[in-house]
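In what follows, residues are counted from 1 in the order of the sequence shown.
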Amino acid sequence: QLRLVESGGGSVLAGGSLRLSCAASGYSSETLSRNYMGWFRQAPGKEREGIAAMHSGTGATYYSDSVKGRFTISRDAANNTLYLQMDNLHPEDTAMYSCAVELRWGGSMSPTQALRHRLYNYWGQGTQVTVYS
């Protein structure tokens with residue numbers, strides 16, 4: 001069973017930075033070397049939003065317009081960990097952030113699909129990010 005654990009959330013002043021981590025266990029890094037992985041967020045009263053995703057095999061990355069140019073997704077295969085570097089944070093970035101992995105797709109996703117949360121089947125518990133002005 002794949003287990004994902006996020007960390008790195010917290011409170012930060014607008015304009016600041018945070019780096020989120022998502023540690024995977026239960027599956028080896030090699031097993032997860034051809035999958036889509038992503039970061040999603042959900043603010044109170046809003047739908048879950050896909051903000052960053054990548055394919056662990058090709059390294060292709062995808063970003064929502066809301067974070068493009070400010071956030072960077074990356075993966076450390078040796079440590080089986082997914083990261084989200086968040087720079088120039090805005091108050092509207094305040095949300096619960098979760099990482100997710102898909103293990104059933106078996107093919108290529110379009111950029112839109114890669115940010116669609118319903119296509120992911122393993123999720124972490126989330127880490128809260130609060131940005132204050």
Side-chain angles (χ1 to χ4, degrees):
Q1 181 83 1
L2 177 62
R3 183 169 181 248
L4 304 173
V5 178
E6 301 95 336
S7 61
S11 298
V12 63
L13 189 64
S17 299
L18 285 173
R19 188 175 82 154
L20 305 184
S21 300
C22 172
S25 61
Y27 276 63
S28 70
S29 180
E30 174 62 27
T31 301
L32 298 176
S33 63
R34 289 175 295 278
N35 301 93
Y36 286 89
M37 307 175 173
W39 286 96
F40 301 79
R41 68 185 183 187
Q42 188 167 22
K46 294 188 176 181
E47 290 189 5
R48 181 174 284 176
E49 175 190 17
I51 56 171
M54 69 177 296
H55 188 273
S56 57
T58 66
T61 58
Y62 312 90
Y63 296 96
S64 67
D65 289 341
S66 60
V67 306
K68 193 174 297 181
R70 300 187 298 124
F71 292 10
T72 304
I73 188 172
S74 64
R75 178 176 182 250
D76 180 350
N79 290 310
N80 215 4
T81 301
L82 186 70
Y83 297 100
L84 183 69
Q85 177 66 40
M86 307 187 294
D87 298 318
N88 189 21
L89 283 159
H90 304 159
E92 52 266 36
D93 294 319
T94 295
M96 179 69 74
Y97 285 69
S98 300
C99 63
V101 174
E102 63 74 27
L103 293 181
R104 295 189 302 228
W105 189 253
S108 298
M109 288 189 185
S110 68
T112 299
Q113 288 173 320
L115 295 176
R116 189 172 297 161
H117 65 88
R118 297 185 190 280
L119 299 184
Y120 289 77
N121 46 2
Y122 282 89
W123 291 83
Q125 292 297 313
T127 185
Q128 178 67 36
V129 172
T130 302
V131 185
Y132 55 95
S133 55

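Glu92 places none of its side-chain heavy atoms less than 4.5 Å from the side chain of Thr94. For the pair Asp93 and Arg41, the minimum side-chain heavy-atom distance is below 4.5 Å. Put simply, the side chain of Met109 reaches to within 4.5 Å of the side chain of Glu102, judged on heavy atoms. Leu82 places none of its side-chain heavy atoms less than 4.5 Å from the side chain of Asp76.
Summarising the local packing, CD of Gln125 is surrounded by 12 or fewer heavy atoms from other residues, nucleotides or ligands at distances under 6.0 Å. Summarising the local packing, CD of Glu47 is surrounded by 12 or fewer heavy atoms from other residues, nucleotides or ligands at distances under 6.0 Å.
Nearest heavy-atom pair, Leu4 versus Ala24, reported as atom, atom and distance to 0.1 Å: CD2-CB, 3.8 Å.
When only modelled atom types and interatomic distance are considered, Glu49 and Ser66 share a side-chain donor-acceptor pair under 3.5 Å. Residues Arg75 and Ser29 bring a donor and an acceptor atom of their side chains to less than 3.5 Å of each other.
For the atom pair Tyr122 OH and Asn35 CG, the distance stands at 11.0 Å (nearest 0.5 Å). From Tyr36, atom OH reaches atom OG1 of Thr58 across 6.0 Å, with rounding to the nearest 0.5 Å. To the nearest 0.5 angstrom, Ser7 atom OG is 8.0 Å from Leu20 atom CG. Separation of atoms OG (Ser133) and CG (Leu89) is listed at 13.0 Å; rounding is to 0.5 Å. Taken to the nearest 0.5 Å, the CD1 atom of Ile51 stands 12.0 Å off from the CD atom of Gln42. Taking CG of Leu2 as the reference point, atom CG of Leu32 lies at 6.0 Å (rounded to 0.5 Å).
Between Phe40 and Trp123, the ring center distance clears the sub-6.0 Å criterion.
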